[in-house]
Amino acid sequence: MAQKPSIPKGTRDFSPEEVSKRNYIINILRHNFELFGFQPIETPSFENSNTLMGKYGEEGDRLIFKILNSGDYLSKASEANLSFKDSNALTSEISEKALRYDLTVPFARYVVQHQNEIDFPFKRYQIQPVWRADRPQKGRFREFFQCDADAVGSDSLLQEVTFIQLYDAVFGDLGLEGVTVKMNNRKILSGLAETIGEADKLIDFTVALDKLDKIGEEGVIKEMLEKGISQTAIERVKPIFRVHGNFADKLILLKALLADSVIGKKGIEELEYINTKIEALGLSTISLDLDVTLARGLNYYTGAIFEVAAPKIVAMGSIGGGGRYDDLTGIFGLKNMSGVGISFGLDRIYLVIEELDLFPAQALKGTKLLFINFGETESLYCLKAVKKLREAGITSELYPDAAKMKKQMSHADKRNIQFVVLAGAEEIEQDVYTLKNMKTGDQKRLSISELIQELN
RNA sequence: GUGGUUGUAGCUCAGUUGGUUAGAGCGCCUGAUUGUGGUUCAGGAGGUCGUCGGUUCGAGACCGAUCUUCCACCCCA
């Protein structure tokens, strides 16, 4: 055998069955996005490097796929960077474009670039692949789809409320029980850092705090100490390691802890507002939880932070996330444009639904009826029926070759086609079609109109 | 980027301390059955043992490099 072709690490091929299942999820997402009034946009697969670089932190820059310039790109590179093998400096000289890393930054660029055409507040959704030069592992790929809904141009917290309802609607339609939307607020995290006198170590503080469920209280304390956060500061923040109870209980604890922090109190106020509205409106499928340790997400979140946890019975990281960013478009020169948005991780949602066996049979519907091909005259007779059936909306096809019957029948069998039609000389003479149900084995002769009626 | 792990037929995997011609199940093809698939029976095809190099009289097995798989870290959907 010839050497096997392959695909790059962290990428995947999708079979017809997998595409059908993915489309099932995408259709539910799209339907709900539109039901909530979001409009679709699409942006290029690659952007100018300077649009992306520096927007995701140092780690993010490393994970961005850079595209080599066309032509003799080395001729423009500086001798100094070449001879010193300075990869970072050289990159900007030989690469001016990069693959999209997420959908939020391109969206911010889109908003700034099209600000005069857009009517604000603007709500858009976007379902496209993104690429990260990460090391793959379970549920982590180098090419994967993000499904984002964002709203810009409104400070109203009703947007946050709406996004929680959107999560509820989508996971309800998917039949995925046990999903928890965890919510926090950047202002709370800022307030905590401020209260304990470590405001300048906010990022280190939150990154360590975020790992609580993974490395435990001791691990978090150890990491905080390593990052230079003082023992007394840690003592003061310890109560949040052990918060419990419902949303309101946690708020009470936070109120006590953040009584002296203006920004912290603002965060509490926001969370309380959102929770009150959600309680009044009710949720049907998901549950909403306040998670003070939730700090995940990009540095640009300024208000609400969301993370969607898969049902506990499946071992899977987050299947979605989002938050409020007051100044995302600021980096592209458009000030005072607040945005808030959420993302659905299609590939991970797929894995969860697959693991829980929640794909409905209807997600896989293919051809319903295959006509067996007996030869020239017979196939034309069949094609006439195929045309009428298709006009009636019945998925049908004719086997293209007059192959052996066993081959044609087993083809129908393997493709899970429910019915076959056998039409030879005898049927043509009587102007009928022999319909066979592949499941039961039943056969009957029907006229074309009876055939359509039978299958509708 | 750091550490570990994996790779043998289309798929899932055996293969003893290095020893003749590398196996199984499933799948595939042909026939039993020239207008009847899924079951059964008989037969058949299919391998550069990831790749390159090394050790050895001899390598699927040992060593090195590289690619790939999966896992942990970092980070993240």
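Per chain, numbering begins at 1; letters A, B, ... match sequence-line order. Heavy-atom basis, side chains included; hydrogens, waters and symmetry copies ignored.
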- Query: In whole angstroms, how far is the C1' atom of B:G35 from the CZ atom of A:Phe371?
  - Reply: 16 Å

- Query: So which nucleotide from B:G35, B:G3, B:A77 ends up closest to the side chain of A:Phe141?
  - Reply: B:A77

- Query: Are A:Phe144 and the base of B:A77 stacked, counting only ring centres nearer than 5.5 Å and planes tilted under 30°?
  - Reply: yes

- Message: If you assign each of A:Gly320 and A:Lys404 to its closest nucleotide in RNA chain B, which residue comes earlier from the 5' end?
- Response: A:Lys404

- Tell me, what's RNA chain B's dot-bracket, Watson-Crick or G-U with both distances under 3.5 Å, | for other-strand, [ ] crossing? ((((..(..((((.....[...)))).(((((.......))))).....(((((..]....))))))..))))....

- Query: Which nucleotide in the list B:C74, B:G35, B:G37 gets nearest to the side chain of A:Lys214?
  - Reply: B:C74

- Query: Between A:Glu47 and A:Tyr101, is any side-chain donor less than 3.5 angstrom from a side-chain acceptor?
  - Reply: no

- Item | Residue whose closest nucleotide on RNA chain B lies nearer the 5' end, A:Lys439 versus A:Gly60 | A:Lys439

- Are A:Glu18 and A:Ser15 close enough that a side-chain donor and a side-chain acceptor fall under 3.5 Å? yes

- Item | Atom-to-atom span, OH of A:Tyr399 to C1' of B:G35 - whole angstrom | 16 Å

- Item | B:A72 to B:U55 separation - P atoms, rounded to the nearest Å | 39 Å

- Query: What do you reckon, are the aromatic ring centroids of A:Phe344 and A:Phe33 less than 6.0 Å apart?
  - Reply: yes

- Mind calculating the distance between CD (A:Glu143) and C1' (B:C76) to the nearest angstrom? 17 Å

- Integer-rounded Å distance: B:U36 P and A:Gln443 CD: 10 Å

- Message: Applying the salt bridge (charged side-chain N to carboxylate O under 4.0 Å, His left out) criterion to A:Glu397, which one of A:Arg390, A:Arg415, A:Lys368 satisfies it?
- Response: A:Arg415

- Item | Residues A:Tyr301 and A:Asn184: side-chain donor-acceptor under 3.5 angstrom | no

- Query: For the atom pair CZ (A:Phe163) and CD1 (A:Ile274), what is the distance rounded to the nearest 0.5 Å?
  - Reply: 11.5 Å

- Message: What's the gap between B:G44 and B:G38 when it is taken at their C1' atoms, as a whole Å value?
- Response: 22 Å

